[in-house]
Protein chains: 2
Amino acid sequence: MSVGHIAVTTPAPAEPVISCETPQEECGVRDVLDRLGDKWSVYVVVELAAGVHRFRQLQRAVPGISQRMLTLTVRRLERDGLVKRTVYATVPAQVEYELTAMGHSMTHLIKALADWSIDHRGAIADARRSWDAEHEAP
Amino acid sequence: MSVGHIAVTTPAPAEPVISCETPQEECGVRDVLDRLGDKWSVYVVVELAAGVHRFRQLQRAVPGISQRMLTLTVRRLERDGLVKRTVYATVPAQVEYELTAMGHSMTHLIKALADWSIDHRGAIADARRSWDAEHEAP
DNA sequence: CAGAATCCACAACGATACTG
DNA sequence: CAGTATCGTTGTGGATTCTG
């Protein structure tokens, strides 16, 4: 366990698991989860992991995203230092997006997430079905 | 790379990175992210990773959560098969929550997330500061 | 104790229209 | 092409009240 701020997989006695200095600060975990939790960031990062993209190219690569949401998403990722944005002063305008080193380091995390999801999607779907079956309107 | 559905850390040529059968289905990754992305699930799971909790005990352990949100959160986790809920027919009522095997398997993921967050929280904060400095109102 | 139910505020998202 | 601006809808979460 590299960092050890969180003790997991220990069905042991009940002790505080997060031992941040200030629990309210949430250890900065929230900062990451907010980015991962919004609807599009993960897909944009995954797409950019494949290489540099221009705006439209990125929008086409992420099916269903509106240009407003793409703008907001890449802005946030840029602000967090995960994505680098390069503007070329051409006509018409041209902008390229690529992951920073930190952005690339996060793709490992996303891959782990995706792997776990794929491995357990069936079990989760089954759990939901049986839960729904037991809790339907009487 | 265990599963290989996602190619990461490869700043290589632009190729589709997610190779789901149906991209719209989102590979079930959304299912996990929706759970991880909401405001409280992670903290509840982390808390339950330490052992069995009763409702009030859990609420006290997760500072700031309302009982409505705790109810909703544990219900969703239960529905997904990540948490097991046991009701004891005592007076007053008593309910115990604990992670299932699948729930425990997810704590590895959360730990990886937390480690990454802690390792990069400083860099992210710096990136945000400099971004904000460059984009303040003229 | 463990919750269900209700009401309300706000943020997130989508669709559309317009601009350099 | 790469956005910005505005509007309307939906979803999420908090506070409060009530119940077995």
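Residue numbering restarts at 1 for every chain, and letters A, B, ... go by the order of the sequence lines.
A single hydrophobic cluster is seen to contain both A:Phe55 and A:Leu72, as judged by linkage of ILVMFWY side chains at heavy-atom distances under 4.5 Å, directly or through other members.
What separates CD of A:Gln57 from C1' of D:dA2 is a distance of 14 Å, to the nearest Å. The nearest whole Å value for the distance from the CD atom in B:Gln59 to the C1' atom in C:dC1 is 11 Å. Summarising the geometry, the separation between CG on A:Leu70 and C1' on D:dT4 is reported as 14 Å, rounded to the nearest angstrom. Look at CG on A:Asp34: it is 16 Å from C1' on C:dC13, rounded to the nearest Å. Whole-Å rounding puts the B:His53 NE2 to C:dA2 P distance at 12 Å.
Looking at A:Ile65 and A:Tyr43, their side chains never come closer than 4.5 Å, going by heavy atoms from C-beta outward. Using a 4.5 Å heavy-atom threshold, the side chains of B:Thr73 and B:Lys39 count as separate. Between A:Met106 and A:Leu36, the closest side-chain pair of non-hydrogen atoms falls below 4.5 Å. Counting heavy atoms from C-beta outward, B:Arg35 and A:Ile124 have side chains that stay 4.5 Å or more apart.
Listed by residue number, the members of residues 71-81 of chain B with any heavy atom below 4.0 angstrom from DNA chain C are B:Thr71, B:Arg75.
Under the 4.0 Å criterion applied to side-chain N and carboxylate O atoms, A:Arg129 and A:Asp126 are assigned as salt-bridge partners.
One axis for each end of the helix from C:dC1-D:dG20 to C:dG20-D:dC1, each built from five base pairs, and the angle between them comes to 40° at 10° resolution.
Between A:Tyr97 and D:dC1, a side-chain N or O to OP1/OP2 separation shorter than 4.0 Å is absent.
Shown are B:Val44, B:Val46, B:Val45, B:Val52; of these, the side-chain contact (heavy atoms from CB on, under 4.5 Å) with B:Leu48 is made only by B:Val44.
Rounding to the nearest 0.5 Å gives a distance of 10.5 Å between OG1 of B:Thr71 and CZ of B:Arg76. Atom CD of residue B:Glu47 and atom OH of residue B:Tyr97 lie 14.5 Å apart, to the nearest 0.5 angstrom. Rounded to the nearest 0.5 angstrom, B:Thr100 OG1 and B:Arg85 CZ are separated by 15.0 Å.
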Annotated protein contacts, base or backbone, on nucleotides 14-20 of chain D with a non-hydrogen cut-off under 4.0 Å, one of B, S, - each: BBB----

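Residues B:Arg60 and B:Gln57 bring no donor and acceptor atom of their side chains to less than 3.5 Å of each other.
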